[in-house]
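On a predicted model such as this, the values are computed, not experimentally measured, just so you know.
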Amino acid sequence: MSMTAAILRRELSLRARHGGWAIGAGLFISLGTLAPLAIGNDGELLSSVGPGLLWIILGMSVFLGIEGLFEDDLTSGAMEQFVLSRSGLVVTILIKLAVAWLFLLLPLLIATPLLLIGYGSSLLGVLGLILASPGLVFTAGTVGAIASGQRRGAPLLVFCTLPLIIPALVFGPQTASGDIVPYLILAVYSLQAVAICPFLASAAIRLQLS
Amino acid sequence: MAFEMGLQCEDVTVQRGGRDVLSSVTLSLAAGEALQLRGGNGSGKTSLLRAVAGLAKFDGEITFARGVQTLDPGYIRSHEIHYIGMESGLAPRLTVKENVSFLSQFYGADPRDSLEQLGLARHRDRKLGALSSGQQRRLSLLRLMLDPRALWLLDEPFVALDDDGQMIVRTLIDVHRERGGVVIAALHDAVGLPRAKTLKVTAP
């Protein structure tokens with residue numbers, strides 16, 4: 001138990017200092033506020049396209065915020081030590097992804113309601129975002145683990161993850177309607193990602209090491 | 001406390017990127033023995049260490065045994081092997097103190113005065129990444145002191161260390177062997193380990 005606590009504490013302080021989360025949140029907030037300028041002075045149009053736009057921006061900020069999640073530990077040799085530890089690599093990867101998700105979600109929890117109010121859209125979108133965000137982060141993180149150590153890892157990450165986030169893009173904006181089905185689908189999307197991704201990512205990291 | 005684990009490699013070859021980087025190695029080490037791997041750059045010393053640690057894929061057989069009892073390699077690799085590679089395995093963005101407190105919580109051991117022993121007490125509050133490579137290497141030895149494990153795999157343990165630092169490594173190795181621990185060290189310079197077997201490795 002104290003072993004997982006140690007990894008968690010290390011990851012929290014590393015993530016806070018890494019700054020990747022700030023880039024992701026910054027992109028989300030700045031693009032979210034700039035988008036209405038491009039759409040123009042039409043309140044009705046903005047309130048209907050705003051949420052959809054926000055989901056696309058969300059995907060982008062996740063990619064940007066998650067990029068390089070495993071690089072530091074791979075180059076510093078820390079991953080090898082996690083492989084050779086009692087807790088094993090999967091637990092480490094799960095903690096890394098969960099912490100990355102936390103750091104992404106917290107700033108967005110403040111920014112999203114403000115942006116939705118600004119667009120004049122339904123605040124129900126925030127709930128959808130909370131439900132879908134673990135799925136987005138875990139999926140992008142896993143592709144990031146596969147892409148880590150490659151030249152041009154970032155574009156690879158974006159293009160390989162885009163098809164995998166389609167469920168969130170399709171059902172995310174629909175949460176504004178208040179219908180229960182999109183919420184359920186987003187929750188399932190996240191649950192399967194959280195269940196599968198730590199194993200996939202740790203297999204990918206092991207391959208990088210060998 | 002004493003270790004009683006031995007190790008056997010039979011006809012171990014390692015491939016990387018589709019070609020052999022280490023030609024067949026057969027060796028056997030009993031508790032308390034040390035082996036120095038000799039060979040030039042690219043001769044496969046590191047590959048052999050990584051194969052034993054289970055980090056690299058290999059052909060052949062590596063068995064760990066206590067007496068006549070064969071041990072589960074998966075368990076041994078997560079509980080009884082320390083691998084100290086060329087990289088420190090620590091977080092360069094964290095301070096020395098934070099790294100120490102992580103390691104001690106991670107291995108569930110009290111660091112006591114090990115930072116003084118490693119000669120790093122003065123640098124407690126500096127970021128690890130700001131220290132010299134020799135100092136980072138010294139701190140990477142902390143794992144060996146915190147968590148007693150039977151088999152140490154050391155990749156160029158003396159590189160970047162001054163006389164004082166090399167002395168620390170030698171002392172650690174001696175104490176470990178007295179307890180029955182096994183050491184495999186990859187070395188390419190003249191300094192060797194006392195009373196150690198030597199194996200010359202070559203790439204095919």
Side-chain angles (χ1 to χ4, degrees), chain A residues 1-23 68-96 99-100 103 145 148-151 199 202-210, chain B residues 14-17 21 46-47 49-58 73-95 97-109 127-129 136-137 139-140 142-144 146-147 149 151-153 155:
Chain A
M1 193 60 222
S2 78
M3 199 166 232
T4 34
I7 302 173
L8 181 65
R9 208 162 58 118
R10 172 185 187 272
E11 194 55 32
L12 283 171
S13 40
L14 277 178
R15 204 66 201 150
R17 275 168 228 194
H18 179 268
W21 61 275
I23 298 173
L69 180 62
F70 300 106
E71 248 88 358
D72 282 354
D73 283 344
L74 274 172
T75 51
S76 74
M79 279 302 180
E80 275 119 341
Q81 300 300 337
F82 288 125
V83 172
L84 292 173
S85 74
R86 290 186 183 86
S87 59
L89 188 60
V90 177
V91 174
T92 309
I93 302 278
L94 176 66
I95 293 173
K96 286 187 84 72
V99 168
F103 270 90
S148 59
Q150 310 286 336
R151 277 173 301 145
F199 295 98
S202 85
I205 295 289
R206 266 184 170 279
L207 263 182
Q208 308 261 339
L209 290 177
S210 70
Chain B
V14 182
Q15 291 199 329
R16 217 173 157 175
V21 287
T46 305
S47 299
L49 291 181
R50 294 179 73 89
V52 174
L55 292 167
K57 281 214 186 81
F58 59 89
Y75 178 86
I76 294 302
R77 289 188 173 118
S78 59
H79 288 74
E80 292 295 347
I81 292 186
H82 270 309
Y83 170 77
I84 306 288
M86 295 301 279
E87 290 84 27
S88 68
L90 302 161
R93 286 173 199 271
L94 300 181
T95 65
K97 200 162 75 181
E98 286 168 324
N99 271 300
V100 171
S101 84
F102 163 69
L103 284 179
S104 57
Q105 202 186 353
F106 190 66
Y107 291 116
K127 271 210 174 133
L128 184 77
Q136 296 194 27
R137 206 149 169 92
L139 194 61
S140 73
L142 187 60
R143 298 176 187 282
L144 304 177
L146 287 177
D147 193 18
R149 293 187 167 201
L151 173 58
W152 290 3
L153 305 171
D155 196 0

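- For the atom pair B/Glu98 CD and A/Arg17 CZ, the distance stands at 4.0 Å (nearest 0.5 Å).
- Across all their heavy atoms, B/Gln105 and A/Ala5 have their closest contact at NE2-CB, 3.6 Å.
- Interface residue A/Thr75: only backbone heavy atoms are found under 4.5 Å from chain B.
- Listed options B/Ala53, B/Gly108, B/Ala51, B/Ser78 were ranked by heavy-atom pairs under 4.5 angstrom with chain A; first place goes to B/Ser78.
- Counting heavy-atom pairs closer than 4.5 Å to chain A, the top-ranked of the candidates B/Val14, B/Leu94, B/Leu103 is B/Leu94.
- For A/Arg206, the CZ atom is loosely surrounded, since the number of other residues' heavy atoms within 6.0 Å does not exceed 12.
- With a 4.5 angstrom heavy-atom cutoff, B/Ser101 touches chain A via backbone and side-chain atoms both.
- For B/Arg149 against A/Leu84, the heavy-atom pair with the smallest separation is NH1-O, 2.8 Å.
- Of the inter-residue distances, the one linking A/Ser85 atom OG with B/Arg77 atom CZ reads 14.5 Å to the nearest 0.5 angstrom.
- Contact between A/Arg9 and B/Phe102 at its shortest, heavy atoms only, is NH2-N, 4.5 Å.
- For A/Leu207, the part lying under 4.5 angstrom from a heavy atom of chain B is the side chain only.
- With a threshold of 4.5 angstrom between heavy atoms, B/Leu90 approaches chain A through N, CA, C or O but not through any side-chain atom.
- By the 4.5 Å heavy-atom criterion applied to side chains, B/Arg50 and A/Glu80 are counted as neighbours.
- With a 4.5 Å cut-off on non-hydrogen atoms, B/Asn99 does not touch chain A at all.
- A distance-only check finds a donor-acceptor pair linking the side chain of A/Gln81 to the backbone of B/Tyr83 [under 3.5 Å].
- Closest of all the heavy-atom pairs between A/Ala6 and B/Phe106 is CB-N, 3.7 Å.
- The nearest pair of heavy atoms linking A/Asp72 to B/Arg93 is OD2-NE, 2.9 Å.
- Counting all heavy atoms, side chain and backbone alike, A/Arg10 lies closest to B/Ala91 at NH2-CB, 3.9 Å.
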